[in-house]
Chemist: 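If you scroll down you'll find the structure; I have some questions about it.
As the structure is a prediction and not an experimental result, all values here were calculated from the model.
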Amino acid sequence: MSRWIGLPEALDPRVRQLVVRLRRVKDLSGLSLRQLAAKTGYSTSSWERYLSGRSLPPREAVEAMARLGGDDPTRLLALHEVAAEAWGTAAEHHGPPTGPESGTGTPRPHGRALRITLVAGSVALVLAVAAAVLLAVRLAHGEGEAAAAPLTSSASTPAPGSSAKQAERPRYTCRAERIEGRWYAGNSRTQKAILAEGHAGPEVAEAQCLLREADLAPGAVDGIFGPHTKRAVKELQKRSGLVVDGIIGPHTWKALRE
């Protein structure tokens with residue numbers, strides 16, 4: 001049994017409850033911090049911060065800890081959701097809830113979460129620049145010349161009375177094939193992208209195609225993560241014994257591609 005240092009007095013009770021539970025699961029697993037880091041992909045120093053209450057662990061780290069310690073991931077993730085809300089509220093009004101011992105500012109994403117944030121920001125910037133360039137071309141040359149320009153294979157032809165935004169919406173197809181033991185539908189080869197309701201793009205279309213292959217009903221394969229897609233994801237997660245949250249992450253991608 002590890003000898004844990006006391007948690008900061010200023011730590012919010014909801015965050016304290018999560019940290020105490022994570023410490024208990026870690027003790028039951030019998031793993032050292034070094035072993036925990038090797039098995040979860042989060043560094044030893046990150047786990048030191050998580051288990052001392054100086055930094056809020058990401059959702060994926062909590063799920064990995066539950067899996068290694070044989071604990072109920074649903075309960076741990078519920079504690080994490082409450083702790084995240086408390087952490088965010090305290091950071092907004094008074095800084096992080098860990099007080100002066102933390103030595104940090106507002107919570108920062110680590111590892112995979114940081115990479116996902118950077119990639120999402122880059123994609124948003126590219127799309128904004130592309131939209132601005134397209135608008136400038138149409139204003140300079142007129143709608144007639146713009147319509148005469150060759151369209152990319154992913155653009156659909158606008159119907160009479162449809163908006164330019166509808167005309168530019170990508171068209172996705174499902175071409176399911178099994179490669180090295182995994183299913184791919186021809187829109188994306190990702191296995192780690194985090195997708196939730198409101199997201200859009202080829203990764204969403206890939207998930208929609210694979211949900212269809214699994215005899216589920218995600219709605220139209222339009223690359224838009226809407227209520228129908230979320231409901232189909234939940235059905236897949238329930239069928240596969242995963243946490244049923246309607247969010248596509250590495251574990252749900254694995255179930256989709258198996």
Chemist: So, using side-chain contact (heavy atoms from CB on, under 4.5 Å) as the criterion, who are the partners of Lys238 when residues are at least two apart?
Modeler: Val244
Chemist: Does Tyr50 reach the side chain of Leu56, with side-chain heavy atoms less than 4.5 Å apart?
Modeler: no
Chemist: What distance do Leu195 atom CG and Ile247 atom CD1 have between them, rounded to the nearest 0.5 Å?
Modeler: 10.0 Å
Chemist: Does Pro218 offer a backbone N or O that forms a donor-acceptor pair with the side chain of Thr229 under 3.5 Å?
Modeler: yes
Chemist: Between His80 (side chain) and Val15 (backbone), is there a donor-acceptor pair under 3.5 Å?
Modeler: no
Chemist: Is Gln237 reaching over with its side chain to a backbone N or O of Asp245, donor-acceptor style, under 3.5 angstrom?
Modeler: yes
Chemist: To the nearest 0.5 Å, tell me how far Glu203 CD sits from Asn187 CG.
Modeler: 9.5 Å
Chemist: State, to 0.1 Å, how close Ile248 and Phe225 come at their nearest heavy-atom pair, and which atoms those are.
Modeler: CD1-CE1, 3.8 Å
Chemist: Return yes when atom CZ of Arg239 has more than 12 non-hydrogen atoms of other residues, nucleotides or ligands closer than 6.0 Å, and no otherwise.
Modeler: yes
Chemist: In terms of hydrophobic clusters joined by side-chain contacts under 4.5 Å, are Leu68 and Val25 together?
Modeler: yes
Chemist: For Ala232 and Leu216, work out which heavy atoms get closest and say how close.
Modeler: O-CD1, 3.5 Å
Chemist: Provide the closest heavy-atom pair for Glu258 versus Trp183 in the form atom of the first, atom of the second, distance.
Modeler: O-CD1, 3.4 Å
Chemist: More than 12 foreign heavy atoms under 6.0 Å from CZ of Arg182: is that the case here?
Modeler: no
Chemist: Decide whether Leu22 and Leu28 are clustered together by the hydrophobic rule: side chain heavy atoms of Ile, Leu, Val, Met, Phe, Trp, Tyr closer than 4.5 Å, transitively.
Modeler: no
Chemist: With the side chain counted from C-beta on, respond yes when Ile194 and Pro250 share a heavy-atom pair under 4.5 Å apart, and no when they do not.
Modeler: yes
Chemist: Please determine whether side chain to side chain contact (heavy atoms under 4.5 Å, CB included) holds for the pair Glu48 and Leu33, giving the CA-CA distance in whole Å, both sets of side-chain angles, and the decisive distance to 0.1 Å.
Modeler: CA-CA 8 Å; Glu48 287 175 348; Leu33 288 179; 3.5 Å; yes
Chemist: Roughly how far apart are Glu197 CD and Arg231 CZ, rounded to 0.5 Å?
Modeler: 10.0 Å
Chemist: Taking atom types as modelled, find out whether Arg171 and Thr173 have a side-chain donor-acceptor pair closer than 3.5 angstrom.
Modeler: no
Chemist: Are the side chain of Gln208 and the backbone N or O of Asp222 linked by a donor-acceptor pair below 3.5 Å?
Modeler: yes
Chemist: Under a 3.5 Å threshold, yes or no: a donor from one side chain and an acceptor from the other, between Ser188 and Thr190?
Modeler: no
Chemist: Ion pair present between Glu206 and Arg257, side-chain N to carboxylate O less than 4.0 angstrom?
Modeler: yes
Chemist: Between CH2 of Trp47 and CD of Gln35, what distance do you get to the nearest 0.5 Å?
Modeler: 13.5 Å
Chemist: Would you say Leu77 and Val62 make side-chain contact, with heavy atoms under 4.5 Å?
Modeler: yes
Chemist: Flag the pair Lys26 / Leu36 as yes when at least one side-chain heavy-atom distance between them is below 4.5 Å, and no otherwise.
Modeler: yes
Chemist: How far apart are the C-alpha atoms of Leu210 and Tyr184, what are their side-chain angles, what is the distance that settles it, and do they pass the side chain to side chain contact (heavy atoms under 4.5 Å, CB included) test?
Modeler: CA-CA 8 Å; Leu210 295 177; Tyr184 296 91; over 6 Å; no
Chemist: Considering only heavy atoms from C-beta outward, does the side chain of Tyr42 approach that of Pro58 to under 4.5 Å?
Modeler: yes
Chemist: What are the two closest heavy atoms between Arg14 and Ala83, and how far apart are they?
Modeler: O-CB, 3.8 Å
Chemist: Side-chain heavy atoms under 4.5 angstrom apart, residues restricted to Ile, Leu, Val, Met, Phe, Trp, Tyr: same cluster for Val20 and Leu51?
Modeler: yes
Chemist: Would a 4.5 Å heavy-atom cut-off, applied to side chains only, mark Pro73 and Arg67 as touching?
Modeler: no
Chemist: Side-chain contact test, heavy atoms from C-beta onward, threshold under 4.5 Å: evaluate it for Val204 versus Tyr172 and give yes or no.
Modeler: no
Chemist: With sequence neighbours left out, what residues match Gln17 under side-chain contact (heavy atoms from CB on, under 4.5 Å)?
Modeler: Leu79
Chemist: Enter the distance from Arg24:CZ to Leu76:CG here, rounded to the nearest 0.5 Å.
Modeler: 10.0 Å
Chemist: Please report the shortest heavy-atom distance between Ser43 and Ala37, naming the atom on each side.
Modeler: C-CB, 3.7 Å
Chemist: If you measure from CD on Glu60 to NE2 on His251, what distance do you get to the nearest 0.5 Å?
Modeler: 8.5 Å
Chemist: Find out whether Leu7 and Val19 are in side-chain contact, i.e. whether some heavy atom of one side chain is under 4.5 Å from a heavy atom of the other.
Modeler: yes
Chemist: Grouping I, L, V, M, F, W and Y whenever their side-chain heavy atoms are under 4.5 Å apart, do Val233 and Val243 come out in a common cluster?
Modeler: no
Chemist: If only atom types and distance count, is the side chain of Glu81 paired as donor or acceptor with the main-chain N or O of Ala78 below 3.5 Å?
Modeler: no
Chemist: Between Arg21 and Asp71, does any NZ, NE, NH1 or NH2 come within less than 4.0 Å of an OD or OE carboxylate oxygen?
Modeler: yes
Chemist: Between Gly69 and Ser29, what is the shortest heavy-atom contact and its length?
Modeler: CA-CB, 4.0 Å
Chemist: Would you kindly say whether Arg54 and Ser52 are connected by a side-chain donor-acceptor distance under 3.5 Å?
Modeler: yes
